[in-house]
Amino acid sequence: MIVNINGRDLLASPEETLLQVARRNGIAIPTLCEHAGLEPWGGCRLCVVEMTRGTAGPTRIVPSCLQPAEDGLRVETHTARILRIRAVLLDLLLARAPEARRIQELALAHGVKSTSFVPRVDPDKCILCNICVRACAAVGADALGTAGRGAAGRIALPFGDDASACVGCGACALSCPTGAIEMTDRGSERRIWGRTFQRLPCPACGAPTLTREHAAHLAGRSGLPSESFGMCERCRREQASRQFLDLVGK
Amino acid sequence: MTRRITDAAHLERLRAELQAARDPARKAIAVCAGTGCVAYGSRRLAAAFRDAVTARKLDVEVRATGCHGFCERGPLVVVFPSRIFYQRVQPGDVEEILDRTVAQGEAIDRLLYADPTTGRKYVHEDEVPFYAHQHRLILGFNGKIDPESLDDYIANGGYRALARTLTSLLPEQVIETVTKAGLRGRGGAGFPTGRKWALCRQAIGNPKYVVCNADEGDPGAFMDRSVLEGNPHGVIEGMILGAYAIGAREGYVYVRNEYPLAVERLSLAVAAARARGLLGNNILGRDFSFDIQITRGAGAFVCGEETALIGSVEGNRGQPRFRPPYPAQSGLWGKPTVINNVETWANVPLILDRGADWYAGIGTAGSKGTKIFSLVGKVNNTGLVEVPMGATLRHIVFEIGGGIRDGRAFKAVQTGGPSGGCLPAEKLDLQIDFESLTAAGSMMGSGGMIVMDDRTCMVDVARYFIDFLLEESCGKCVPCREGLTQLSHLLHAITEGRATDATLGALEALAPVVQDASLCALGQTAPNPVLSTIQYFRDEYLAHIRDRRCPAAVCKSLITYSINDQCTGCMVCARQCPEHAITGERKKLHVIDPAKCTRCGICHSVCKFDAVDVR
Amino acid sequence: MNATAEPTCDLTKLDPILARYPAERRSLVMVLQDAQQAYQYLPRPALERIAEALKVPRSHVYHLATFYKAFSLEPRGRHICTVCLGTACHVRGAQRLVEHVERRAGIKAGATTPDLELTLETVNCVGACALGPVVIVDGEYLGSATTTKLDTALKGIVKGAVEEQQA
């Protein structure tokens, strides 16, 4: 099928979203709540585009991360209206999380140097994009969620203090776009969500890799023994290349 | 009788029997037992009637019915067969009613409704202007039947549409009939019902579901509650017909948690229908099975949005999802689902019973049938009003509503709840239908109609709606969550006397972004009350901003309370003042100290001499 | 976090509730509603047990319970006073009624008095708009409510109500 984006006719498949088609063709659309490996969320609304069906249909504003490609769609990704929306959204987010670096960068790129709105009292860096919650669910730990509703919502453990489901994988902290989740690694000790974990040493080089709980969790999900997961990234690659060399007889 | 009804012929025989057994000349007393009248003590009143009738060994039926609609004048009583209509009835009136009205057909003057302007009294229910100007297709059942009696519903024509449909119509023909009738959703969006059903019937997926959205959350709207409490079978029959049309075996009714009586009546009705074979396997002996489960909301306005509702039924937080896919294609548990509002479902049996042409003959070109409105606020006759689409606002507010209470001036009428807008006096001749309301800057919404007078501050109304939506926002998307937060800050600045012209500019700049970028209708329509009040009442905003004045004398930071010379020195206000801000001796003029006064309004409400001024 | 000590939770109250519904996610809201009714709020141990029984993560149960206003994770008062803040009640001065009870009871709306006698709540429309402003005290609807009527209804529950009247 053909989707027209910014005046260019582009090939698209029915399983693709407008965002995927755009990206594949070098058209950059900003996003915040989107993350590889996670289902699109559609919460930040930065990726909105103008969409018209056929030549005479009404123009709708839709999130490109969720809108499926359809034959004959005409899409505009950077009209004045869209740019204005993005600028205001970032202005709003700056009021919510003024110290969040990524927000400051994106805002500046859209002409917003500081917020024109009333800043949040005692702000943290969280923009409630929900990536951490979704990542934790994808890992299978389901340790995090949003407590409360609306503007009063905050990412929290159950009851505020129950970290028993956390496996210390760090997916939340590493995927957070604003660095709002604190995780400290000191030697083999990892502290996150008020809990201290021990990271297992790599059997090859001894560097700390994943936590004992994370390894056990992966073992449970995969049916493989937990030792399968203990090797660090670098050693695993070295092992794989050695095996390859053995294979080709060098 | 709880024998299963085996087929359509059996149902008609039963209907004939029930109708024959009901002597239209039989004496009966209908006591309204809707939530409003119950709050006024109507259950005690009904009990008093029953006790008196038993004690006197009279052959008089005492029937507790659903909401009659004229809630302002509750407790309401209608005496049959004369249909004499009494309002504000107390248990102390029971004996006299039995002596004079029931025994001798004589009307008791003091209990009759009197027009507040002319003083003229009306004796019979259909003469009372509040009812005479209505077209009560759906609400009409409420006064006639005991909502806890399936027999009453059958005797009044109930389930006839179902019997005829199952025996002589194909599902596609049901959809054709509903489409031809022009029924549009009554929950707010006004989507053509027939088209939604057709899409769902064509969609691939099994099982399919029908859902009744009874999460009536618009503050000031209680139409759905009254329909569920007053005629639950009307909704059930509609859902069975819908399920037949799309090919569903299971249905859900999602009822607001705050409506315990509606849940109770619906549960009883579902159980009764099941016991008689109108729900369950092989309904009326046909190869069609369908059953209904009742599920309750848990206090989230956003769950009135269909995708959030679906999330809630599935056991999740009520957060909306992007559409497409639409629920008709992928709804509950990813299966094709038809979700319709209570009032929409209640219209369906009428359409199938009397025909599409009959229905399409009521209303306007684009909006067919009747609409139930909850007429509340500063109007004399508050209550539920059912009129054909195309009736004017003036007709509803003045002819049915009896005009503004306390002789004050009309200022605005708010339609569509938090998604709608405020319409001023110049719009009173607007003929109500989906398109005309939207064109004027408001919308139909679910049917809330809130009348405002010169003592309502329109800026305060805008602030109220934004604060309401801010609290109810699910929080998923930035424009709604953060946008409403900031709209609230801006409106508070205006009502608290801290604003400048730039504040108004900021409001007007932010509002369209919230409309454009929000994920669901809650956020998309949230700016409507703000934008419509700025459009029609800009001067009021400017008075707050430039003059630091609230013309309606509502916004606390901008008003002062003072005592005028009508004060008799009774000292009641001084005693009640929580800040001890009033001084004065007995029989001497009292004084309010403005430094201590917090504008709580207690002195104004307790003064019997109109001696407290608010400016 | 709630500082008041919670009495030990009788988990057997959950047994009939859990037996009533299929042990899966879709039963969650209904189970929580029945539990809220049985305990007058949702104690932590009960929520943990429900998560286990319905085979959903604790985070899901907790975050769902905090999303819906019908659920309270803190113990509520022996008496509940609910002021309707729907539009019709609002234009008839409902906000003043809330402030009145807040003053009398010494708590903010949404809170419970320290002696666990009274919980003051607001709700966005109970559908009795013709009677506005509406206040519900222990399930009894008070139509056309005034500060005086409220004082009478709350007599004995809120000490402030009685004292102020006699001043």
Side-chain angles (χ1 to χ4, degrees), chain A residues 17 32-33 39-51 59-70 79 81-97 103 115-121 127-130 133 145-155, chain B residues 298-303 307-308 316-325 329-330 466-493 498 502-503 505-507 509-520 522-524 526:
Chain A
T17 62
L32 261 178
C33 70
E39 288 300 308
W41 178 240
C44 73
R45 316 300 287 179
L46 273 187
C47 73
V48 289
V49 295
E50 287 191 34
M51 175 187 93
T59 300
R60 285 184 62 205
I61 305 231
V62 295
S64 53
C65 66
L66 281 167
Q67 175 64 44
E70 274 172 44
T79 61
R81 189 177 175 193
I82 293 292
L83 290 174
R84 168 123 184 83
I85 290 173
R86 290 191 189 135
V88 172
L89 291 176
L90 289 160
D91 190 345
L92 287 169
L93 283 170
L94 262 188
R96 184 189 159 88
I103 305 297
T115 187
S116 63
F117 295 113
V118 176
R120 185 163 54 132
V121 175
I127 56 168
L128 286 180
C129 67
N130 237 254
V133 175
T146 315
R149 176 173 86 195
R154 61 196 198 296
I155 303 296
Chain B
F301 170 79
V302 69
C303 286
T307 61
N316 294 319
R317 290 159 63 96
Q319 288 189 311
R321 304 171 198 170
F322 180 64
R323 298 172 297 175
Q329 277 121 4
S330 171
I466 291 293
D467 283 347
F468 168 80
L469 290 170
L470 177 58
E471 201 195 303
E472 296 293 340
S473 167
C474 78
K476 181 169 176 180
C477 77
V478 173
C480 175
R481 187 185 74 225
E482 305 302 333
L484 293 184
T485 301
Q486 298 300 336
L487 286 177
S488 176
H489 282 309
L490 292 166
L491 285 163
H492 275 266
R498 298 180 278 112
T503 316
L507 262 181
L510 177 55
V513 175
V514 177
Q515 281 179 320
D516 278 351
S518 291
L519 163 63
C520 81
L522 189 156
Q524 287 158 5

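Proteins get letters first, then strands, A, B, ... in listed order; numbering begins at 1 in each.
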Notebook entry, point to check: Checking A:S116 against chain B: side chain, backbone, both or neither under 4.5 Å from a heavy atom?
Noted result: neither
Margin query: What part of B:A493 gets within 4.5 angstrom of chain A, counting heavy atoms only: side chain, backbone, both, or neither?
Written below: neither
Check: With a 4.5 angstrom heavy-atom cut-off, which part of B:R321 approaches chain A: side chain, backbone, both or neither?
Finding: neither
Note to self: Heavy-atom cut-off 4.5 Å, strictly under: side chain, backbone, both or neither for B:Q319 against chain A?
What the structure shows: side chain
Note to self: Looking at B:Q524 and B:S518, would you say the former's side chain and the latter's main chain have a donor-acceptor pair under 3.5 Å?
What the structure shows: yes
Checklist line | Proximal component of A:V88, with respect to chain B [non-hydrogen, under 4.5 Å] | finding: side chain
Note to self: Is A:R149 in contact with chain B via its backbone, its side chain, both, or neither, using a 4.5 Å heavy-atom distance?
What the structure shows: both
Item checked: Proximity breakdown for A:A95 and chain B, heavy-atom pairs closer than 4.5 Å -> side chain
Next item on the list: Check for a donor-acceptor pair, side chain of A:Q67 on one end and backbone N or O of A:V62 on the other, with a separation under 3.5 Å.
Entry: no
Notebook entry, point to check: Counting only N and O atoms by type, is there a donor-acceptor contact under 3.5 Å from the side chain of B:R323 to the main-chain atoms of B:C520?
Noted result: no
Item checked: Neighbour count above 12 (heavy atom, 6.0 Å) for A:R120 CZ -> yes
Check: Heavy-atom distance under 4.5 Å to chain A: side chain of B:A300, backbone, both or neither?
Finding: both
Next item on the list: Carefully, step by step, assess B:I466 and B:S488 under the rule side-chain contact (heavy atoms from CB on, under 4.5 Å).
Entry: CA-CA 6 Å; B:I466 291 293; B:S488 176; 4.0 Å; yes
Notebook entry, point to check: Non-hydrogen atoms of chain B under 4.5 Å away: do they reach the side chain of A:R81, the backbone, both or neither?
Noted result: side chain
Next item on the list: With side-chain contact (heavy atoms from CB on, under 4.5 Å) as the test, would you mind laying out the steps for B:H492 and B:D467 before giving the verdict?
Entry: CA-CA 10 Å; B:H492 275 266; B:D467 283 347; 2.8 Å; yes
Next item on the list: Measure from the side-chain N and O atoms of B:S473 to the backbone N and O of B:L469, and report whether any donor-acceptor pair falls under 3.5 Å.
Entry: no
